[in-house]
*Asks:* 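Sharing a structure with you now.
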Amino acid sequence: MATSPDLPVLFVVDHDPAALDVLVSDLSRRFGRGFAVMGATSAESALAALRQTASDGRPVALLLVDDAHEALLGPAHELHPHAKRVLMVDRDYTTRSPAVQAMTLGRVDFHIVRPWGDDEMIYGPMADFLLAWTREQEPTFELFRIVGTEGDGKVLQLRDVMARFNMPYGFYPSGSDIARQALSEAHVDGDHLPVMIRHDGQVFVDPTMSDVAHAIGVNVTNDVDTCEVAIVGAGPAGLTAAVYAASEGLDTVLLEKAISGGQAGTSPLIRNYPGFPHGVSGGVLMERTCEQAWLMGAHIVFAQQATDLEIRGNQRIVHLLDGTEVRARIVVLATGIEWRRLGVPHLEKLLGSGVFYGAAVSESRAMRDQDVFIVGAGNSAGQAALHLAKHARTVTLLVRGATLDASMSSYLVRAIESTGSIAVRLRTEVVDGGGEPLEWIKVVNRATDVIERMRADALFVMIGGEPNTRWLPDEVARDTHGYVITGRDLLETDPTQWVYDREPLTLETSVPGVFAVGDVRFRSIKRVASAVGEGATVVRIAQEHLRAEAGEPALR
Ligand SMILES: Cc1cc2nc3c(=O)[nH]c(=O)nc-3n(C[C@H](O)[C@H](O)[C@H](O)COP(=O)(O)OP(=O)(O)OC[C@H]3O[C@@H](n4cnc5c(N)ncnc54)[C@H](O)[C@@H]3O)c2cc1C
């Protein structure tokens, strides 16, 4: 049943020949211009055809199989590791449905439920699944060309920004012919790398974050000195606060030291965000929220770090690194946390050269056929392991504790246990490493004191972090780790922290009119949805504060 030999393949497997015929002709009608739709009624014939496409070097974009053929997905994935896997199941909202386990264990990327009432019910999701595949292919149009040294920390940062803002770009390793050609066309010698070349010919040599933000078209200059609400930090909490504040008609400024997205922007797949049953890329979610905040009327300034918060009477003044300041009636602190460091000097030196903090979205493709290690035992480490296992040869989780269950959600533990290429080493710490870029690490098993040197292509460090609050004045009460204390916690942790004759509002810090939301807050949940929830909630509470300040009655 093959069609157009040059197109990527959309492969359908259904044991019922009549149902297969209908599916193949329906899908061909809708997607036939861009994809060759092929089909099979048995695992054997499907595998034979998929082997042939693999040996012809023909990409398979999507495999759509009915639940009777779920087992086919394993060998099919080995032949075509980049094909999106879609399981077709009957409607059954119980945990018995094969879709539940298959999604949890990462054996499929998507599912669709049948029967569908009209064709649009299958066309819409299929278009999304195919788009997900297309997005992962090398871009044909490059808005930016980056010439640099593979593994260099600055290159990593640039690729991260490109991935977060969904910018089509190409990376050219310095020394290659194509890199030399790009540099010569841009009239630069390549003595200072990385070089970023925009499609309109603008060249940025060893660009700062401010240059990068400017190049992709976002505002990096603070030209506002007064507003009603100043929000510091553009992760999910700050971005949502900006959406809600601006949509309530408040004059809102959002200040971000880098670019938008925060930690969430580095997460390749957020599976627990409501409304996205197949998960959502943190970068995409944050990019959309940023656009939404802007369209609602928030004034967004990137690459501007808040360096101080001054309280002068009723005014709260945020000082910025460039020397400017923003006066606001309300300040929302949404600065999140910074990853905790490993503290192994040799490995710190290799930062960006095989050693990474957090899982940079852009790096996963580069891990193909590599031996990858992850230090950490939290949910982020678990998700990173599963994501990296799609590309890497081996993934080893190095865990200091005696079990994973204490720190990781059980669905992730189960998924890790059932992924053959992931190994877990308990009671294990990294004590050394070397190479340039990283070639080996040394680990010690604390139960046996045995030290082992292991070949390593990459090490991702995911061991939690420190809140970004060092810049705040002492008036903003924090716990011993630096988390900002808010609401009733102020009274419960130390009543002397709150000196006013009313109770602190929810999310309010020890300074009236200054609120804290998201990860930076003491006892916060540290999840995207909770950060979003707090960002939305804080605006209503801040409005109450403004009304009380103005002597107006509280909102109902
Ligand atoms: C790899 C990874 C995977 C994750 N996966 C999930 C998941 O699947 N599900 C889930 O629910 N959660 C996940 N999390 C956790 C989630 O991302 C965080 O809980 C969430 O991002 C917190 O949002 P936030 O807005 O409070 O802070 P952040 O996202 O940390 O954002 C804070 C922002 O403030 C900026 N900033 C800091 N200091 C300053 C300053 N002085 N001036 C101006 N700006 C400043 C930072 O640059 C940053 O952009 C993951 C985290 C990571 C790292």
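Both ligands and their constituent atoms are indexed starting at 1 by order of listing. Computed over heavy atoms, backbone and side chain alike; hydrogens, waters and symmetry mates excluded.
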*Asks:* Could you tell me, atom by atom, which parts of ligand 1 come under 4.0 Å of a heavy atom of Asn272?
*Replies:* 7 (C), 8 (O), 9 (N), 10 (C), 11 (O)

*Asks:* Take the angle between the ring planes of Tyr273 and Phe276 and call it parallel below 30°, perpendicular above 60°, tilted in between.
*Replies:* tilted

*Asks:* Which is closest to atom 23 (O) of ligand 1 by heavy-atom distance: Gly235, Gly262, Pro236?
*Replies:* Pro236

*Asks:* Tell me whether the count of non-hydrogen atoms from other residues, nucleotides or ligands lying under 6.0 Å of CG in Asp223 goes above 12.
*Replies:* yes

*Asks:* Mark up the atoms of ligand 1 that fall under 4.0 Å of a heavy atom belonging to Val232, in ascending order.
*Replies:* 42 (N), 43 (C)

*Asks:* Compute the shortest N/O to N/O distance between Gln304 and ligand 1 and return yes if it is under 3.5 Å, no if not.
*Replies:* no

*Asks:* How does Trp471 reach ligand 1, if at all, at less than 4.0 Å between non-hydrogen atoms: by side chain, backbone, both, or neither?
*Replies:* side chain

*Asks:* Run the salt-bridge test on Arg393 and Asp369 with the 4.0 Å N-O cut-off and return the result as yes or no.
*Replies:* no

*Asks:* With sequence neighbours excluded, tell me which residues meet ring-ring contact (aromatic ring centres under 6.0 Å, His included) with Phe110.
*Replies:* Phe129, His278

*Asks:* Identify the two heavy atoms, one from Gly376 and one from Leu397, that lie closest to each other, and give their separation to 0.1 Å.
*Replies:* O-CD2, 3.5 Å

*Asks:* Counting each atom of ligand 1 from 1 as listed, which ones have a heavy atom of Ala264 under 4.0 Å away?
*Replies:* 17 (O), 21 (O), 29 (O)

*Asks:* With the threshold set at under 4.0 angstrom, would you say Met462 reaches ligand 1 through any of its heavy atoms?
*Replies:* yes

*Asks:* Would you mind running through ligand 1 and noting each atom that sits below 4.0 Å from a heavy atom of Ala237?
*Replies:* 25 (O), 26 (O)

*Asks:* Would Glu503 and Arg488 pass as an ion pair if we require N to O under 4.0 Å?
*Replies:* yes

*Asks:* Answer with side chain, backbone, both or neither: which part of Ala531 has a heavy atom less than 4.0 angstrom from an atom of ligand 1?
*Replies:* side chain

*Asks:* Salt-bridged, Asp109 to Arg85, with N to O below 4.0 Å?
*Replies:* yes

*Asks:* Enumerate the atoms of ligand 1 whose separation from the nearest heavy atom of Ala334 is less than 4.0 angstrom.
*Replies:* 32 (C), 33 (C), 34 (O)

*Asks:* Minimum heavy-atom separation for Asp251 to Thr226, with atom names?
*Replies:* OD2-O, 3.9 Å

*Asks:* Are any of the N or O atoms of Gly518 closer than 3.5 Å to those of ligand 1?
*Replies:* no

*Asks:* Do Ala306 and ligand 1 have an N or O pair less than 3.5 Å apart?
*Replies:* yes

*Asks:* Check ligand 1 against Ile337 and write out every atom of the ligand that is under 4.0 Å from a heavy-atom position of the residue.
*Replies:* 30 (O)

*Asks:* For the pair Arg521 and Glu508, find out whether any cationic side-chain nitrogen is under 4.0 Å from an anionic carboxylate oxygen.
*Replies:* no

*Asks:* Would you confirm whether Glu228, through its side chain, and Leu250, through its main-chain N or O, come within 3.5 Å as a donor-acceptor pair?
*Replies:* no

*Asks:* At a 4.0 Å threshold, what atoms of ligand 1 neighbour a non-hydrogen atom of Asp519?
*Replies:* 18 (C), 19 (O), 20 (C), 22 (C), 26 (O)

*Asks:* Can you name the atoms of ligand 1, numbered from 1 with element, that are less than 4.0 Å from a heavy atom of Asn468?
*Replies:* 37 (C), 38 (N)

*Asks:* When only distance counts, is Gln305 in polar contact with ligand 1, meaning an N/O pair under 3.5 Å?
*Replies:* no

